[in-house]
Amino acid sequence: MPAPLHSALLAPSLLAGRHTHLAASAIEVANAGAPWLHLDIMDGHFVPNLTFGPQMIAELRREVPSLFFDVHLMLDEPQRYAETFIQAGAQLVSFHIEPSLDHRALLARIRTLGCQNGLVLNPGTPAEAVEPFLHEVDLILVMTVQPGFGGQPFRRDMLAKLARLDALRRERHLNFRLEVDGGIDPTTGRECRTAGADTFVAGTSFFKSPDRAAFVREVAAW
Ligand code: DX5
Ligand code: ZN
């Protein structure tokens, strides 16, 4: 197995936090020592669920200024909202490859606005769909569940996709992060690490963990 390109980091997902006390949940993430906070934005169209919007991001930004805000847009029209989320404090904005839009233009615009960008693939979308964009991204997010809800079982059949994207990254001497999201826990996360992932979203397993700080430290050693 080739040496990993990036050290492993945990991005706890606020979706599994307490929605009546999201600031408290975000502070728990910071107190556990996690470097990133993963924020799931859903529009009820691209996915059959709703979460929160830019005002929530802006207010959370003030509560936890040390966390890197990894904003995952599950929207049919991410181009309409990306800028608002960046103004609200997103440091990375990822959006899906599946809706039809000018992906290249949006990737460029996110960077122009001083933010990192990312492209996301649903489980049914092959790696080939993002291959033309790999030299234009800061992160590729491979969904390891169908997006929309936390607490779903990990899709082991996504490991081959991860390995393919990691191989392309090495062949092309690229440096983007390779993130996984859905059903990640210490067992499935390590499997993803072996397949090439370096950035691990964890909702349910993080918030249920009896020792969250230990979980964060463990991931850094994967
Ligand atoms: C699912 C979201 C995930 C979700 C993962 O649509 O994109 O970020 O929070 O939750 P777990 O870790 O519980 O599978
Ligand atoms: Zn997500």
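Residue numbers run from 1 in the order of the sequence given. Both ligands and their constituent atoms are indexed starting at 1 by order of listing.
A donor atom on one side chain and an acceptor atom on the other are not found under 3.5 Å apart for Thr144 and Arg155. Between the side chains of Asp40 and Ser13, at least one donor-acceptor pair of N or O atoms lies under 3.5 Å. A side-chain donor from one of Asp185 and Thr188 sits under 3.5 Å from a side-chain acceptor of the other.
Salt-bridge formation is detected for the pair Glu83/Arg109: a Lys NZ or Arg NE/NH1/NH2 atom is positioned less than 4.0 Å from an Asp or Glu carboxylate oxygen. Taking 4.0 Å as the cut-off between side-chain N and carboxylate O, Glu218 and Arg212 do not count as a salt-bridged pair. Residues Arg164 and Glu131 are paired through a salt bridge, judged by an N-O separation under 4.0 Å between the basic side chain and the carboxylate.
Using a distance-only test at 3.5 Å, with no hydrogens or angles considered, no donor-acceptor pair links the side chain of His6 to the main chain of Asp198.
Atoms NE2 of His38 and ND1 of His72, as seen from the Zn ion (ligand 2), are separated by an angle of 100°, to the nearest 10°.
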Please tabulate protein-ligand N/O pairs under 3.5 Å for ligand 1, atom names and distances to 0.1 Å.
residue	atom	partner	partner atom	Å
ligand 1	6 (O)	Gly148	N	2.7
ligand 1	7 (O)	Asp40	OD1	3.0
ligand 1	7 (O)	His72	ND1	3.4
ligand 1	7 (O)	Asp181	OD2	2.8
ligand 1	8 (O)	His38	NE2	3.4
ligand 1	8 (O)	Asp40	OD1	3.1
ligand 1	8 (O)	Asp40	OD2	2.7
ligand 1	8 (O)	Asp181	OD1	2.6
ligand 1	8 (O)	Asp181	OD2	3.0
ligand 1	9 (O)	Ser13	OG	2.7
ligand 1	9 (O)	Asp40	OD2	3.2
ligand 1	12 (O)	Gly203	N	2.8
ligand 1	13 (O)	Gly151	N	2.8
ligand 1	13 (O)	Thr204	N	3.1
ligand 1	13 (O)	Thr204	OG1	2.4
ligand 1	14 (O)	Gly183	N	2.8

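The N, O or S atom of Asp181 lying closest to the Zn ion (ligand 2) is OD2. Nearest to the Zn ion (ligand 2), among the N, O or S atoms that Asp40 has, is OD1.
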